[in-house]
Structures are given as C-alpha cells and as structure tokens.
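Structure record follows, encoded as structure tokens.
Positions are given from 1 along the sequence. Both counts, for ligands and for their atoms, begin at 1 and track the order of listing. Every value quoted in this text rests on a predicted model; they were computed, and no experiment measured them.
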Amino acid sequence: MSGNNTLTITDNRTGKTYEVPIADGTIRANDLRQIKTDAQDFGLMSYDPAFLNTASCRSAITYIDGDNGVLQYRGYPIEQLAEESNFLEVAYLLLEGELPNKAQYEAWTADINVHTFLHENVRKFMDGFRYDAHPMSQLISTIGALSSFYPEAKDISSHAQRYSHIVRMIAKMPTIAAWSHRHSIGFPLIYPDPELSYAGNFLSMIKRITEDEYTPHPVLDRALDVLFILHADHEQNCSTSTMRVVGSSNVDPYSAVSAAAAALYGPLHGGANEAVLRMLKEIGSKDRVPQVIKEVKAGERLLMGFGHRVYKSYDPRAKTIKKLADQVFDVTGKNPLLDIALELERIALEDDYFVKRKLYPNVDFYSGLIYEAMKFPTAMFTVLFAIPRVAGWLAQWNELVEDKEQKIARPRQIYTGPALRNYVAMDKR
Ligand code: SDX
C-alpha cells in the first residue's frame with residue numbers, strides 16, 4: 001500500500017481539497033465538518049440511517065468477521081469456549097478481559113451465588129403483573145425496578161459499585177426470568193438453590209414442583225449453559241448499542257439494562273427465536289415449505305431466523321447450536337418441527353434469492369427448537385436470550401464508562417420539516 005494514511009477529499013462545489021486522516025480503517029465523521037461552502041455553512045456531516053457503516057466505539061470485547069463466520073470473545077473462538085468453558089467463566093472473561101485462574105473463578109462464582117435472591121418487595125412487585133403478562137415485559141420492568149432497590153448504583157464512577165451491581169444483575173437474571181414464567185402459569189415461586197450450577201439453578205426454579213431436591217438432567221444443564229455462552233455477547237448489535245446510548249447519560253446500570261432488554265424484545269432481534277417457532281408451527285409440515293419460500297421470495301414475509309446484518313456467511317453460533325440440538329433431542333425426543341427447519345434451510349441454501357442476499361440461518365434459527373424440546377413456552381425464548389446477554393451488555397457498558405473518548409450520545413439529523421412560520425390563531429386556520 002503506497003502513500004500516507006489520509007483521504008484527500010475534493011469538494012466540487014468549491015474546488016477546495018481537504019486531507020482527512022485515516023485511523024483503524026475509519027475517518028472521523030467530525031473531520032468532515034471543515035468542508036464548507038462558506039463561513040455560514042455548518043459543514044458536512046455523514047448520514048447513516050441504522051448505522052450500517054458507522055463505528056460508534058472502540059471495543060476489545062467481541063470480534064466478528066461476518067464474511068468468514070468468525071466470532072471470538074476476547075480473542076477466544078466461540079467454538080472453543082462452547083466446548084471447553086462454562087457461562088460464568090465466559091461472563092468473567094467478557095468483563096475482565098482474561099480467563100480467570102482457579103482463585104479468581106471461585107471468588108467470582110461465590111459472589112454470584114450470594115446474590116441470586118430477590119428482595120421480597122420485588123416478588124410483590126412481580127405479583128402485580130396480569131397472569132398472562134409476557135415474560136419479557138415482566139423482565140424489562142423488573143430489571144428497571146431494581147434501580148429503585150439499589151440507589152447507590154448511580155455512583156457509576158466507582159469501580160467497586162459497578163462490580164457489585166454487575167454481579168447482582170448476572171446473579172438475579174435467572175431468578176427474575178424463572179419467576180416471570182412461574183407467575184404466568186400460576187405456579188408457586190421456587191427460590192434459588194446455590195448448590196446447583198448457574199443453568200441448573202435456573203432449570204430448578206423453572207421446573208421444580210414439590211420434589212425436595214431438583215437435579216437437572218446433566219445433558220440439558222450443559223446444553224443450556226452452552227446456549228448461554230453462545231448468546232453472551234455479539235459486539236454492537238441493536239440491544240448492546242442501546243445499552244451504550246442509554247448508559248452514556250450516566251444512568252445507573254439497572255435502567256440501562258432494562259432499555260437494552262426492551263431492544264432485544266423486538267422480533268428482528270432477540271424476539272426472532274420466538275418468531276421462528278411460531279413460523280415453523282404455522283408452516284405445520286414439510287410439504288408447505290415450497291409455498292412459504294414462494295411467499296418470502298415475493299417479499300410477502302421474512303424467513304425468521306435467517307439473515308444477519310454482519311454475518312454474510314453461516315452464523316458460527318447456529319452451527320454449534322445445530323450440533324447441540326442432536327444431544328438434547330437424544331434426551332427429550334426429536335422435535336417434529338426440526339424436519340421443517342431442515343427443509344427450509346436446505347431449500348434456502350440452494351435458492352438464488354437467499355444465496356444472492358447472503359441469507360443464512362442465524363443464532364435464532366435452531367435455538368428455539370432446543371428450547372421447545374426442553375419444554376420452555378415460546379414466550380420464554382427471548383428471556384432465554386436476555387439472561388446471558390446481560391453479561392455482554394454489562395461488559396460493554398463497563399468499557400464505555402472507562403472509555404475517556406466517550407461522552408453522552410447525541411446524533412444529529414437532516415431536518416426535513418417546514419421552514420420558519422408564524423403561529424395562526426384557531427379561528428383563522
Ligand atoms: C439477532 O446484530 C446482531 O448481532 C444480532 C444478533 C445478536 O447476537 O445480538 O446476532 C441476534 O438479532 C439475529 C437476527 C435475528 N433476526 C431474524 O432472524 C429476523 C429475520 N432477519 C431479518 O429481519 C434481517 O435479516 C436482519 C434484521 C437480521 C438483518 O437485516 P439487514 O442487515 O438490515 O438486511 P436487510 O433488511 O437490508 O436485507 C437485505 C435483503 C433485503 O432484500 P432486498 O430488499 O435487497 O430485495 O435481504 C432480505 C431483505 O428483504 N432479507 C430477508 C431476510 N433478511 C433480509 N428476506 C427474507 N427473510 C429474511 N429473514
């Protein structure tokens with residue numbers, strides 16, 4: 001590569017030329033402001049609806065190579081972490097930047113284990129939801145309510161405060177999630193069991209009825225833990241960007257996580273796994289697949305669980321989840337909807353409409369099949385996404401708080417409204 005790291009821009013409106021530095025494959029949008037037609041001109045801005053080509057931050061947490069289907073947490077390939085690690089160890093890695101040694105891991109898990117309970121007033125707060133309230137609505141509201149239980153969390157400048165509320169949120173997510181499910185089916189709440197693993201404790205609070213002890217099936221316990229690893233972070237996706245934008249106002253982390261969870265709830269994002277299952281159930285049988293593909297190609301519907309803003313090749317998480325599905329189905333029995341999913345994938349991977357648009361199965365395409373096989377109601381699927389993603393949101397938020405280059409997020413706009421005009425009295429309109 002010849003020449004220096006600059007971009008030469010000629011403004012053909014004025015004939016003037018500008019040198020703009022290139023760093024880390026980017027130019028600073030603010031460097032465009034010098035490009036003006038005259039002294040009154042505000043200067044050029046970049047326009048990027050949905051931030052298709054805008055880097056909002058520097059981050060050392062997750063690396064994605066969308067063209068080659070690569071996903072790494074702090075440099076470790078997701079495939080290795082899914083194989084060798086566990087969710088709490090991955091949560092530590094995302095937050096601290098290194099895998100913990102034995103002493104660090106024991107201290108971390110001990111901190112998590114003592115914070116899995118919820119204040120009894122939170123239980124009463126959750127009692128107020130309608131019996132059929134969607135678990136995601138309950139989750140979003142309850143996390144937000146936690147900010148009123150821990151007002152000291154507002155002191156985000158204190159590393160110790162940030163650590164203690166990061167631990168609380170990671171620890172309490174399974175409890176809030178399980179209680180939102182038990183509330184919606186009218187079952188008594190089960191309290192956390194610190195003897196069980198992170199995923200096992202969640203399964204116990206979901207499944208336990210009257211047995212004195214609940215021992216999760218080891219294959220299902222491990223499968224859920226691996227799903228938590230795969231969903232823990234994914235760089236600057238919609239919900240993480242929301243966490244960063246809301247966090248940039250220096251609000252407490254509970255309020256920021258509540259906003260991020262609301263973003264995840266959308267069917268184009270974390271709500272997709274629920275939408276995939278509803279789509280597969282609506283399709284009903286393999287022989288209806290060609291008709292559905294026809295409707296998708298006619299632009300009449302989306303193939304939920306397909307496509308990704310970054311992955312223009314197979315989502316590496318989907319590959320791992322597909323392998324995990326076989327292990328789970330060996331225990332639970334095969335999910336009949338799997339055949340429909342496999343047929344959809346087979347046709348989509350051959351059909352030019354999908355190939356041309358680089359539409360491949362994403363993380364949500366197969367995860368719902370596992371959740372359904374484990375007898376989770378469809379409405380719980382996005383909650384199962386949110387539980388581990390809280391670790392990613394908090395790691396990204398922590399990085400934002402410590403990033404000296406960051407300040408409150410406040411984008412600009414292209415104004416398309418009416419020019420100046422005077423108020424007209426009602427009787428003259
Ligand atoms: C997650 O960002 C992340 O990292 C998210 C996530 C994470 O871990 O945080 O990975 C988790 O949210 C995964 C995505 C889950 N969502 C879905 O499965 C919903 C279905 N997918 C689509 O809505 C879509 O693919 C998105 C939203 C995921 C990505 O949309 P983009 O990048 O904005 O792509 P686009 O809408 O510009 O689509 C490009 C073309 C369009 O066709 P043309 O207008 O060019 O003719 O592809 C088409 C789209 O119509 N297209 C689809 C499609 N997705 C895109 N056509 C049919 N079915 C689809 N699913």
Side-chain angles (χ1 to χ4, degrees), residues 48-56 59 61-67 69-73 78 81-82 90 94 136 227-244 257 260-280 283 289 292-321 341 344-345 347-349 351-369 381-393 395-396:
D48 189 7
F51 314 117
L52 285 168
N53 191 41
T54 294
S56 61
S59 179
I61 298 172
T62 293
Y63 172 71
I64 300 174
D65 173 348
D67 293 335
V70 171
L71 169 58
Q72 295 165 0
Y73 291 160
I78 193 69
L81 292 171
V90 165
L94 290 171
M136 271 306 284
L227 284 162
F228 284 172
I229 291 172
L230 296 172
H231 285 84
D233 191 59
H234 212 243
E235 55 127 292
Q236 306 312 317
N237 56 80
C238 179
S239 53
T240 299
S241 301
T242 303
M243 182 77 190
R244 281 179 170 264
V257 166
L264 188 75
Y265 193 10
L268 296 187
H269 189 13
N273 53 19
E274 180 178 347
V276 167
L277 256 288
R278 297 193 195 285
M279 174 185 74
L280 293 176
I283 293 172
V289 166
V292 170
I293 295 286
K294 204 158 137 261
E295 289 164 9
V296 170
K297 290 166 69 173
E300 291 162 15
R301 64 190 294 174
L302 290 174
L303 195 52
M304 299 313 279
F306 267 72
H308 198 279
R309 175 66 55 76
V310 177
Y311 289 124
K312 296 312 173 191
S313 69
Y314 215 95
D315 183 333
R317 300 167 297 178
K319 264 192 206 143
T320 305
I321 292 177
L344 272 172
E345 182 189 38
I347 296 182
L349 295 184
D351 187 299
D352 189 49
Y353 178 92
F354 297 89
V355 174
K356 203 167 63 165
R357 291 168 176 79
K358 299 186 176 180
L359 299 176
Y360 296 89
N362 58 47
V363 67
D364 292 302
F365 189 60
Y366 285 106
S367 53
L369 289 170
F381 291 6
T382 308
V383 170
L384 285 154
F385 192 147
I387 293 172
R389 186 53 62 92
V390 161
W393 291 332
Q396 299 271 350

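- At a 4.0 Å heavy-atom cut-off, ligand 1 touches R357 through the side chain alone.
- For L359, no nitrogen or oxygen atom sits less than 3.5 Å from a nitrogen or oxygen atom of ligand 1, counting backbone and side chain alike.
- Counting the atoms of ligand 1 from 1 in the order shown, those under 4.0 Å from a heavy atom of G305 are 17 (C), 18 (O).
- The nearest protein atom to atom 28 (C) of ligand 1, hydrogens excluded, is given as G307 O, 3.7 Å; this is a heavy-atom distance.
- Closest protein heavy atom to atom 34 (O) of ligand 1: R309 NE, 4.8 Å.
- In terms of protein heavy atoms, atom 2 (O) of ligand 1 is closest to N237 CB, 3.3 Å.
- One finds the CG atom of L349 at 10.0 Å from the CG atom of L359 (value rounded to the nearest 0.5 Å).
- Ligand 1 has at least one atom lying under 4.0 Å from a heavy atom of R317.
- Residues satisfying the ring-ring contact (aromatic ring centres under 6.0 Å, His included) criterion with Y73, sequence neighbours excluded, are absent altogether.
- H308 NE2, 2.6 Å is the protein heavy atom nearest to atom 10 (O) of ligand 1.
- Between the choices I293, V296, V310, the shortest heavy-atom distance to atom 57 (C) of ligand 1 belongs to V296.
- If you check which protein heavy atom lies closest to atom 20 (C) of ligand 1, you get F306 O, 3.4 Å.
- Neither the backbone nor the side chain of T240 comes within contact range of ligand 1; no heavy atom lies under 4.0 Å.
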Throw together a table of side-chain donor-acceptor distances under 3.5 angstrom for residues 260-271, partners on residues two or more places apart or in other chains.
{"unit_1": "Y265", "atom_1": "OH", "unit_2": "H134", "atom_2": "ND1", "d": "3.4"}
{"unit_1": "H269", "atom_1": "NE2", "unit_2": "N237", "atom_2": "OD1", "d": "3.3"}
{"unit_1": "H269", "atom_1": "NE2", "unit_2": "S239", "atom_2": "N", "d": "3.2"}
{"unit_1": "H269", "atom_1": "NE2", "unit_2": "S239", "atom_2": "OG", "d": "2.8"}

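- Considering CE of M279 and CZ of F365, their distance stands at 5.5 Å, rounded to 0.5 Å.
- Counting only heavy atoms of the protein, atom 4 (O) of ligand 1 lies nearest to H234 ND1, 2.6 Å.
- Atom CG of D352 is surrounded by more than 12 heavy atoms from other residues, nucleotides or ligands within 6.0 Å.
- The closest approach between a heavy atom of R389 and any atom of ligand 1 is below 4.0 Å.
- For the atom pair OG (S59) and CD (Q236), the distance works out to 5.5 Å, reported to the nearest 0.5 Å.
- In this structure, CD1 in I293 is found 5.0 Å from CG in L344, a value given to the nearest 0.5 Å.
- Looking only at protein heavy atoms, the nearest one to atom 19 (C) of ligand 1 is M304 CE, 3.7 Å.
- One distance of note links CG of L227 with CD1 of I387; it measures 11.0 Å at 0.5 Å rounding.
- Counting the atoms of ligand 1 from 1 in the order shown, those under 4.0 Å from a heavy atom of L302 are 23 (O), 52 (C), 53 (C), 56 (N), 57 (C), 58 (N), 59 (C).
- When ring centroids are compared, Y311 and H234 come within the 6.0 Å threshold.
- Taking atom 12 (O) of ligand 1 as the reference point, the nearest protein heavy-atom neighbour is H269 ND1, 2.9 Å.
- The D364 neighbourhood of ligand 1 comprises atoms 1 (C), 13 (C), 14 (C), 15 (C), with distances under 4.0 Å to a heavy atom of that residue.
- Within a 4.0 Å radius of atom 52 (C) of ligand 1, the protein has at least one heavy atom.
- Taking every heavy atom of A272 and a limit of under 4.0 angstrom, the matching atoms of ligand 1 come to 15 (C), 16 (N), 17 (C), 18 (O).
- Within the 4.5 Å cutoff, the side chain of V90 has no heavy atoms near those of the F228 side chain.
- Atom 23 (O) of ligand 1 has its nearest heavy-atom neighbour, among V276, N273, L268, D315, in L268.
- Atom numbering of ligand 1 starts at 1 in the shown order; those under 4.0 Å from a heavy atom of L303 are 57 (C), 58 (N), 59 (C), 60 (N).
- For atom 49 (C) of ligand 1, the nearest protein heavy atom lies 4.0 Å or farther away.
- Under a cut-off of 6.0 angstrom, the local environment of OH in Y353 is crowded, with over 12 non-hydrogen atoms contributed by other residues, nucleotides or ligands.
- In this structure, the separation between CG on D233 and CD on Q396 is 4.5 Å, given to the nearest 0.5 Å.
- Within the 4.0 Å cut-off (strictly below), no protein heavy atom is located near atom 37 (O) of ligand 1.
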Open item on the list: Go through it in stages, so that I can follow the logic: the residues are V276 and L369, the test is side-chain contact (heavy atoms from CB on, under 4.5 Å), and I'd like the CA-CA distance, side-chain angles, deciding distance and then a yes or no.
Closed with: CA-CA 9 Å; V276 167; L369 289 170; 6.0 Å; no
